[in-house]
Amino acid sequence: MIPIVPGTSSKPSLMERTIKAIADHGARFVGCNVMFLEGGTRDHFMRWLAQEYAQLVDGYAQLYAKKYAPTAYRREVQTIVRDLQRKYGVSER
């Protein structure tokens, strides 16, 4: 599940549906990584965000003051994913 996009694919109910579907189709492992933004990818994403979801630009600018979302946020997402991995019987690797 890469990338996990904050506020979009990071919703716990969506992550659960995704991991359940992965497990239901026989996968033995699933991993994840929260989106990171740098260079041209950052510029492209932020332009797209401004055009399509202008109300989210300030929040993303704060969340992505650097290349990565804050460590605490990434750990929160990873904790949810680990709990779901256990629930649906898939490992990280």
Participant: So, Arg42 side chain and Tyr64 main chain: donor-acceptor pair closer than 3.5 Å or not?
Facilitator: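 Judged by distance alone, yes, a pair lies under 3.5 Å.
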
Participant: Applying a strict under-4.5 Å side-chain criterion to I, L, V, M, F, W and Y, I'd like to know whether Tyr68 and Tyr73 cluster together.
Facilitator: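 Tyr68 does not cluster with Tyr73.
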
Participant: Do you know the tightest heavy-atom contact between Ser9 and Pro3?
Facilitator: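 Nearest pair, atom of Ser9 first, then Pro3: OG-O, 3.6 Å.
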
Participant: Nearest 0.5 Å, please: how far is NE2 in His44 from CG in Leu37?
Facilitator: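 Leu37 CG to His44 NE2: 11.0 Å, rounded to 0.5 Å.
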
Participant: Taking all atoms of both residues into account, what is the closest heavy-atom pair of Ile80 and Pro12, and its distance?
Facilitator: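 Closest heavy-atom pair between Ile80 and Pro12: CD1-CG, 4.0 Å.
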
Participant: Is the shortest side-chain heavy-atom distance between Met46 and Leu49 below 4.5 Å?
Facilitator: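 In contact.
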
Participant: Quick check on Tyr53: does its OH atom have over 12 non-hydrogen neighbours (other residues, nucleotides or ligands) under 6.0 Å away?
Facilitator: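 It does not: Tyr53 OH has 12 such atoms or fewer within range.
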
Participant: Do Phe29 and Gln85 have side chains that get closer than 4.5 Å, going by heavy atoms?
Facilitator: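 Side chain of Phe29 against side chain of Gln85, heavy atoms only: no contact under 4.5 Å found.
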
Participant: Enumerate the residue pairs fulfilling side-chain hydrogen bond (donor to acceptor under 3.5 Å, both in side chains) with a member in residues 20-34, sequence neighbours excluded, ordered by first and then second residue.
Facilitator: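 Passing the test, one end in residues 20-34: Lys20-Asp24.
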
Participant: Distance check, rounded to the nearest 0.5 Å: Thr41 atom OG1 versus Met35 atom CE?
Facilitator: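 Between atom OG1 of Thr41 and atom CE of Met35 there are 10.0 Å.
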
Participant: Distance from Leu63 atom CG to Leu56 atom CG, nearest 0.5 Å?
Facilitator: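 Leu63 atom CG to Leu56 atom CG measures 11.0 Å (nearest 0.5 Å).
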
Participant: Compare every heavy atom of Val34 with every heavy atom of Pro6, then report the nearest pair and how far apart it is.
Facilitator: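 That would be CG-CG1, 4.3 Å.
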
Participant: Could you grab the distance from atom OG1 of Thr79 to atom CZ of Arg75, nearest 0.5 Å is fine?
Facilitator: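 Thr79 atom OG1 to Arg75 atom CZ measures 9.0 Å (nearest 0.5 Å).
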
Participant: Should Leu14 and Val30 be counted in the same cluster of Ile, Leu, Val, Met, Phe, Trp and Tyr side chains packed under 4.5 Å apart?
Facilitator: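 No: no chain of side-chain contacts under 4.5 Å links Leu14 to Val30.
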
Participant: Looking at side-chain heavy atoms only, is the closest gap between Ile22 and Met1 below 4.5 Å?
Facilitator: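 They are in side-chain contact.
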
Participant: If you round to the nearest 0.5 Å, how far is OH of Tyr60 from CD of Gln55?
Facilitator: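 Nearest 0.5 Å value for the CD-OH distance: 11.0 Å.
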
Participant: Hey, quick one: are Val5 and Val77 part of the same hydrophobic cluster, counting side-chain heavy atoms closer than 4.5 Å, chains of contacts allowed?
Facilitator: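 The answer is yes; both residues are in one hydrophobic cluster.
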
Participant: Rounded to the nearest 0.5 Å, how far apart are CZ of Arg74 and SG of Cys32?
Facilitator: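 Interatomic distance, Arg74 CZ to Cys32 SG, rounded to 0.5 Å: 11.0 Å.
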
